[in-house]
Amino acid sequence: KSNAAAIVLDGAGSQLLNASGTSALAGFASNTASGSFTIKNGKEFTTAGAFSNTGNMNIAAGSRFTAGSDGKAAYTQSAGATTVNGVLTAGSLSITGGTLSGSGTIDASVISSVAVAPGMSPGMLTINGDYTQTAEGSLLIELGGYSQGTGYDYLSINGDAALAGTLEILLYGGFAPADGSAFDILTADKIVGTFDMFITPDPAWIWGISYLDTDRDSDLDTVRVTANRETPGEVPEPATLLMLALGLLSLVGLGRRNGR
């Protein structure tokens, strides 16, 4: 069964009934491009099996969406948006189109070839599973302060991370990092691969990216971004250069006279 309407289930006991008084969402397996499905205020919704999205899925804080009665069915998205501020549980989460964002928890391994944006400007997105970002994928991180997960976006992976694609840094709310600031924007049990492209904001900073083994177990586990203020040297005006040259010549001449 597919959804092409705007549906909001608000509250733990909320439901959508048909004329016979039974659930109109029994067999709900697909949210189409024109569909919008939101659960909030403690609503828990479970599908009968695998689920696909090409529209808008919104799992609000305190609510849970589960793919399959045992939470092990696949959740796929080829277009649209999935926003997770509550909990999304699935056997696997494959995102090949659209966006994935939010400050909630994903209980599934994630494969993404799209834009993943942790936080709600800013915030923390937790993945209880492995995370794979393909060459087409991107991770969008907003920096708005110095506290991980509240001042700046943070992707917490309780599993392994295989990285490729793009890391893009954005400044939020007029934030200007202090010289030498460091931001641990991603952690995982083990990191393999690196981002292929690093897109940074204001060129007045020199931005760096490093992959660290913070617990010293021989596995990389942290991606750290650093910001250093660049202070280019001023280029002297031509008149200033001429005065410097004349001064040097005078010193040379004085030295010769004193040496006689």
Side-chain angles (χ1 to χ4, degrees), residues 1-17 23-69 71-129 131 137-142 144 149-150 153-157 170 172:
K1 184 179 294 185
S2 298
N3 172 50
I7 297 175
V8 177
L9 298 181
D10 186 354
S14 59
Q15 54 185 320
L16 184 64
L17 303 177
S23 175
L25 294 174
F28 180 34
S30 176
N31 192 51
T32 67
S34 58
S36 174
F37 187 77
T38 297
I39 55 174
K40 62 182 184 178
N41 291 324
K43 178 62 181 178
E44 297 193 3
F45 185 88
T46 301
T47 67
F51 185 83
S52 64
N53 177 51
T54 55
N56 288 295
M57 293 288 296
N58 183 19
I59 305 163
S63 294
R64 178 187 294 268
F65 183 95
T66 302
S69 58
K72 296 182 179 180
Y75 183 109
T76 59
Q77 177 178 293
S78 56
T82 294
T83 303
V84 183
N85 289 312
V87 179
L88 191 162
T89 300
S92 62
L93 184 65
S94 178
I95 309 292
T96 58
T99 60
L100 173 65
S101 63
S103 290
T105 300
I106 298 172
D107 289 333
S109 289
V110 177
I111 300 176
S112 173
S113 55
V114 301
V116 174
M120 295 301 290
S121 298
M124 176 177 74
L125 180 63
T126 300
I127 296 175
N128 292 322
Y131 175 74
S138 60
L139 179 62
L140 308 181
I141 297 293
E142 291 181 318
T150 56
D153 288 341
Y154 169 46
L155 182 60
S156 175
I157 303 164
L170 305 166
Y172 174 75

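Along the sequence shown, residues are numbered consecutively beginning with 1.
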*Asks:* What pair of heavy atoms forms the shortest contact from Ala73 to Ala50, and how long is it?
*Replies:*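 Nearest heavy atoms, Ala73 then Ala50: CB-N, 3.6 Å.
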*Asks:* Check for a donor-acceptor pair, side chain of Ser103 on one end and backbone N or O of Met120 on the other, with a separation under 3.5 Å.
*Replies:*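 Indeed, once roles are kept as given, a pair shorter than 3.5 Å links the two residues.
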*Asks:* Determine the sole option in Ile95, Thr76, Asn31, Thr32 for which the side-chain contact (heavy atoms from CB on, under 4.5 Å) test with Asn53 is passed.
*Replies:*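 The side-chain contact (heavy atoms from CB on, under 4.5 Å) with Asn53 is passed solely by Asn31 among Ile95, Thr76, Asn31, Thr32.
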*Asks:* Say you draw a straight line from OH of Tyr75 to CG of Leu100; how long is it, rounded to the nearest 0.5 Å?
*Replies:*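 Rounded to the nearest 0.5 Å, the OH-CG separation comes to 8.5 Å.
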*Asks:* Which heavy atom in Ala90 sits nearest to a heavy atom in Ala108, and how many Å separate them?
*Replies:*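 It is O-CB, 3.2 Å.
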*Asks:* Are any non-hydrogen side-chain atoms of Leu139 and Pro118 less than 4.5 angstrom apart?
*Replies:*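 Counting from C-beta outward, Leu139 and Pro118 do come under 4.5 Å.
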*Asks:* To the nearest 0.5 Å, what is the distance between CG (Asp153) and CG (Leu140)?
*Replies:*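 With rounding to 0.5 Å, CG (Asp153) is 9.0 Å from CG (Leu140).
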*Asks:* How far does OH of Tyr131 sit from CG of Leu93, to the nearest 0.5 angstrom?
*Replies:*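 If I round to the nearest 0.5 Å, the distance is 10.5 Å.
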*Asks:* Within this structure, what is the CG-CG distance for the pair Asn85 and Asn58, rounded to the nearest 0.5 Å?
*Replies:*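 That separation rounds to 6.5 Å.
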*Asks:* Between Val87 and Ile59, what is the shortest heavy-atom contact and its length?
*Replies:*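 Minimum heavy-atom separation between Val87 and Ile59: O-CG2, 3.6 Å.
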*Asks:* Output the distance between atom OG1 (Thr105) and atom CZ (Arg64), rounded to the nearest 0.5 Å.
*Replies:*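 Interatomic distance, Thr105 OG1 to Arg64 CZ, rounded to 0.5 Å: 8.5 Å.
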*Asks:* Indicate the atoms forming the closest heavy-atom contact of Gly98 with Val114, along with that distance.
*Replies:*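 Closest heavy-atom pair between Gly98 and Val114: O-CB, 3.1 Å.
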*Asks:* For residues 118-128, which residue pairs pass the side-chain hydrogen bond (donor to acceptor under 3.5 Å, both in side chains) check, not counting sequence neighbours?
*Replies:*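 Output for this query lists Asp107-Asn128, Ser121-Glu142, Asn128-Asn158.
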*Asks:* Just how far is it from atom OG of Ser23 to atom CG of Leu17, taken to the nearest 0.5 Å?
*Replies:*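 CG of Leu17 is found 7.0 Å from OG of Ser23.
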*Asks:* Provide the closest heavy-atom pair for Ser63 versus Gly42 in the form atom of the first, atom of the second, distance.
*Replies:*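 The pair with the smallest heavy-atom distance is OG-N, 3.2 Å.
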*Asks:* Quick one, Lys40 with Val8, criterion side chain to side chain contact (heavy atoms under 4.5 Å, CB included). Give me CA distance, side-chain angles, the key distance, then yes/no.
*Replies:* CA-CA 8 Å; Lys40 62 182 184 178; Val8 177; 3.9 Å; yes
*Asks:* What orientation do Phe37 and Phe28 show, parallel under 30°, tilted 30 to 60°, or perpendicular over 60°?
*Replies:*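 It falls in the tilted class, 30° to 60°.
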*Asks:* Is any side-chain heavy atom of Leu25 closer than 4.5 Å to one of Ile7?
*Replies:*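 Counting from C-beta outward, Ile7 and Leu25 do come under 4.5 Å.
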*Asks:* Measure from the side-chain N and O atoms of Gln77 to the backbone N and O of Gly97, and report whether any donor-acceptor pair falls under 3.5 Å.
*Replies:*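 Side chain of Gln77 to backbone of Gly97: a pair is present.
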*Asks:* Go through the steps to decide whether Leu125 and Val116 satisfy the test side chain to side chain contact (heavy atoms under 4.5 Å, CB included), and finish with yes or no.
*Replies:* CA-CA 10 Å; Leu125 180 63; Val116 174; 4.3 Å; yes
